[in-house]
Number of protein chains: 2
Amino acid sequence: MNKIIHLINDADCRLFQQSLELVGKRWSSAILLAIANGETRFGEIIASVPGLSDRLLSVRLKELEHAGLIERKVIASTPVQVRYGLTERGIDLISSLQPLVDYGHRWED
Amino acid sequence: MNKIIHLINDADCRLFQQSLELVGKRWSSAILLAIANGETRFGEIIASVPGLSDRLLSVRLKELEHAGLIERKVIASTPVQVRYGLTERGIDLISSLQPLVDYGHRWED
DNA sequence: CTTGTTCACTTACCTATCGTAAGTCACTAA
DNA sequence: TTAGTGACTTACGATAGGTAAGTGAACAAG
């Protein structure tokens, strides 16, 4: 049998699970994707991710910021604006998700 | 700005979210990974995924089977054995997760 | 024939997370 | 003074997850 993914040790497994449980939490990657596509404001992100509530967006943005995937910038306008942007790490993560988009296309209903 | 992932329309977005919400559910991909690595029995999978409980494994195996990612085979031995294997679709999905493993390596603490 | 063991699950129960709806706060425009 | 905007926060019922114990079939040991 030839292995599909090579993870010989426990450390690799934990690493994999960590990556996945961050991005795998509901809405996390959809939010990253929205930001990557240029929807950088709170209201814009909500509008572009169908089904996402403001409460969960608020929670996820904090998690993603804490994980070092996004950056929060406050713009002193009236009303005050907040813009979110991907960090280098966030860009790398979402790039790593591209094959999953392709998978979705290959197997759509 | 050059886009990282190209999803122009809503259909693509929904497709992406579908793929991710399946694999993103807690333990789902760890289970797929364990099966891919040759841990094909109920007890083996539990042993190889630290933190996973038998209740959740049972629930997830049903979901994954229903989604067409794994197959269940009962072997009439004593005590009875059940072996799980990846379908073609399951293999494709887990292959699509490889870049995420690499990402984990690039950014480990 | 009774007790123990293995395997693959279920059931019961409690806690954590989620979703919906409403409220907050600072500021401005009418 | 009332209304509106943007970015949240709070309250609360519903759903998902974690822990522990139980089930049932088949055999083996004593």
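Labels below follow one simple rule: chain letters A, B, ... track the order of the sequence lines, proteins then strands, and each chain is numbered from 1.
- Between B/Ser53 and D/dT19 there is no side-chain polar atom (N or O) within less than 4.0 angstrom of OP1 or OP2.
- Atoms CD (A/Glu65) and P (D/dA7) sit 15 Å apart, rounded to a whole Å.
- Using a 4.0 Å heavy-atom distance criterion, A/Arg41 is classed as a sugar-phosphate-only contact.
- Residue B/Trp27 places no side-chain N or O under 4.0 Å from the OP1 or OP2 atom of D/dG17.
- No N or O donor and acceptor, one from the side chain of B/Arg26 and one from the base of D/dG17, sit under 3.5 Å apart.
- The two residues A/Arg106 and B/Ser96 make their nearest non-hydrogen contact at NH2-OG, 3.6 Å.
- Here the P atom of nucleotide C/dC9 and the CD1 atom of B/Ile75 are 12 Å apart, to the nearest Å.
- Of all non-hydrogen atoms in A/Trp27 and A/Arg60, the two that sit nearest each other are CB-CG, 4.5 Å.
- Using a 4.0 Å heavy-atom criterion, one finds that B/Arg83 contacts no nucleic acid atom at all.
- Although no hydrogens or angles enter the test, the distance criterion places a donor-acceptor pair under 3.5 Å between the side chain of A/Ser95 and the main chain of A/Ile91.
- Atom-to-atom, OH of B/Tyr84 to C1' of C/dA8 comes out at 8 Å; the value is rounded to the nearest Å.
- A distance of 4.0 Å separates CD1 of A/Ile35 from CD1 of A/Ile45, quoted to the nearest 0.5 Å.
- Atom-to-atom, CD1 of B/Ile46 to C1' of C/dC9 comes out at 9 Å; the value is rounded to the nearest Å.
- Rounded to whole Å, atom C1' of D/dA20 lies 16 Å from atom CG of B/Leu52.
- Mapping B/Glu63 and B/Ser77 onto DNA chain D by nearest heavy atom places B/Glu63 at the nucleotide closer to the 5' end.
- Of the candidate nucleotides D/dC8, C/dA8, C/dC7, C/dA8 has the atom lying nearest to any side-chain atom of B/Val82.
- Look at A/Arg60 and you won't find any side-chain N or O under 4.0 angstrom from OP1 or OP2 of D/dC8.
- In this structure, A/Phe42 atom CZ and D/dA7 atom P are separated by 8 Å, rounded to whole Å.
- Following chains of ILVMFWY side-chain contacts shorter than 4.5 Å, one cannot reach A/Val59 starting from A/Leu61, and the two form parts of different hydrophobic clusters.
- Judged by distance alone with a 3.5 Å cut-off, no donor-acceptor contact links the side chain of A/Arg55 to the base of D/dT10.
- For C/dT10, one of the phosphate oxygens OP1 or OP2 lies less than 4.0 angstrom from a side-chain nitrogen or oxygen of B/Lys62.
- Spacing between atom CG of B/Leu56 and atom C1' of C/dT11 amounts to 14 Å, rounded to whole angstrom units.
- Using a 4.0 Å heavy-atom cutoff across all strands shown, B/Thr78 reaches sugar-phosphate atoms only and no base atom.
- In this structure, A/Leu57 places its CG atom 10 Å from C1' of D/dA7, rounding to the nearest Å.
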